[in-house]
**Student:** 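Just passing along the structure, written as structure tokens.
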Amino acid sequence: MPNFQQLSNDQINEAIRGAVELHIPVVITLRHDDMWLTYHSRFIATEGTHFTIELPHSDQGNEREWSAADRVGLSFKYRHYKYICSATIAGVDTIQDADGDAKTVASVVCPTQMHRLQRRVYKRVSIPADETVSAEVWLGSGDAEPPTGQDVAMWAGRVDNLSAGGFHVFCQYLDQDLPHIGDEVGLRLAFGSNEDPCLADAMVRHVQRVDGGVSLGLQFLGLSQSRHGRASLSRISSKVAHFLKVESGHARHANSA
């Protein structure tokens, strides 16, 4: 079975029913004013062509009013997979919970497209010694790559671990300001010289000066929101699955030695 799979309508409905039955948490991403916003919610109920989730809340302190036509990305874990899709907020409704109390929820139109990935590809894996993965990182977004020769701060280096959720890269130190935790950046991720690079958005989760350079930890943002992003996620997850297979082979060889 492929690591990145597009689902049929029946499979989409099955995933949503399962998520509702278990009231599974869901992460919501939204592009607003050139920023990625992240919210957390939980599946509540499903009816017809809509499902309801708890009124989303933000850990970033940027609460907002939800309204019809908001286009969002959804991701949730169910059984052995992580599911991702884009969906449209239909509006804010009031429903009765199991105790008969009124509850405010967001109503979401059931998506017509959804993908799932094996959850194992979200496990960080070290890059094998005979493989090279490199990254270039800049302040901004992945679709606004700085032109060659432009005087823009950029950090480049070799990636030492990778997952479908993000990666760690060691960059040679340059005499320039460093990014800060929480900064949004664009990046180019390259798997060898014979493949086209992946462009993506990310958030800085870790920054540390080390001897001769800087250690950066990055979390991908918004890969489920566009066809280009989903193509990048498919490639990244395939590489992670390959590296996990190599790592497993090395472990079996070491145990049998």
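Scope of the values below: all heavy atoms of this structure, side chains included, with no hydrogens, waters or symmetry mates.
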**Student:** Within the distance-only criterion (no hydrogens, no angle test), does the side chain of Ser41 pair as donor or acceptor with the backbone N or O of Val26 below 3.5 angstrom?
**Tutor:** no
**Student:** Who pairs with Arg42 by side chain to side chain contact (heavy atoms under 4.5 Å, CB included), at least two apart in sequence or on another chain?
**Tutor:**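 Checked Arg42 against side chain to side chain contact (heavy atoms under 4.5 Å, CB included); matches are His23, Pro25, Glu54.
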**Student:** State the CZ-OG distance between Arg124 and Ser163, to the nearest 0.5 angstrom.
**Tutor:** 4.5 Å
**Student:** Quick one: ring pair (Phe, Tyr, Trp, His ring centres under 6.0 Å) partners of Phe51, sequence neighbours excluded?
**Tutor:**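 Listed in chain order: Phe43.
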**Student:** Let me know which of Leu162, Val125, Val240 forms a side chain to side chain contact (heavy atoms under 4.5 Å, CB included) with Phe167.
**Tutor:**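 The residue from Leu162, Val125, Val240 that satisfies side chain to side chain contact (heavy atoms under 4.5 Å, CB included) with Phe167 turns out to be Leu162.
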**Student:** Does a sphere of radius 6.0 Å around CD in Glu21 hold more than 12 heavy atoms from other residues, nucleotides or ligands, not counting ones at 6.0 Å or beyond?
**Tutor:**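 Incorrect, the count does not exceed 12.
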**Student:** Do you know which of His80, Gln6, Gln5 makes side-chain hydrogen bond (donor to acceptor under 3.5 Å, both in side chains) with Arg116?
**Tutor:**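 Result: among His80, Gln6, Gln5, Gln5 is the only option passing the side-chain hydrogen bond (donor to acceptor under 3.5 Å, both in side chains) with Arg116.
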**Student:** Which pairs pass ring pair (Phe, Tyr, Trp, His ring centres under 6.0 Å) with one or both residues in residues 226-247, sequence neighbours excluded?
**Tutor:**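 Listed by first then second residue: nothing to list.
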**Student:** Can you give each donor-acceptor pair under 3.5 Å made by side-chain atoms of residues 216-223, sequence neighbours left out, with the distance rounded to 0.1 Å?
**Tutor:**
unit_1: Gln219; atom_1: OE1; unit_2: Arg205; atom_2: NE; d: 2.6
unit_1: Gln219; atom_1: OE1; unit_2: Arg205; atom_2: NH2; d: 2.9

**Student:** Mind telling me whether Trp66 and Tyr39 have parallel, tilted or perpendicular rings, with 30° and 60° as the class edges?
**Tutor:** perpendicular
**Student:** Below 4.0 angstrom, N of the basic side chain to O of the carboxylate: do Glu184 and Arg31 qualify?
**Tutor:**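 Salt bridge: yes.
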**Student:** Which pairs, with at least one residue in residues 103-129 and sequence neighbours excluded, count as a ring pair (Phe, Tyr, Trp, His ring centres under 6.0 Å)?
**Tutor:**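 Those involving residues 103-129 are Phe4-His115.
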**Student:** Apply salt bridge (charged side-chain N to carboxylate O under 4.0 Å, His left out) to the pair Arg235 and Glu195, showing each step before the final yes or no.
**Tutor:** CA-CA 11 Å; Arg235 284 187 61 201; Glu195 299 184 38; 3.1 Å; yes
**Student:** Counting only heavy atoms not in Glu47 (residues, nucleotides, ligands), do more than 12 fall under 6.0 Å from its CD?
**Tutor:** no
**Student:** Kindly write out the residues that satisfy side chain to side chain contact (heavy atoms under 4.5 Å, CB included) with Ser86, not counting sequence neighbours, or none if the list is empty.
**Tutor:**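 In terms of side chain to side chain contact (heavy atoms under 4.5 Å, CB included), with neighbours along the sequence ignored, Ser86 is linked to Arg71, Gln225, Arg230.
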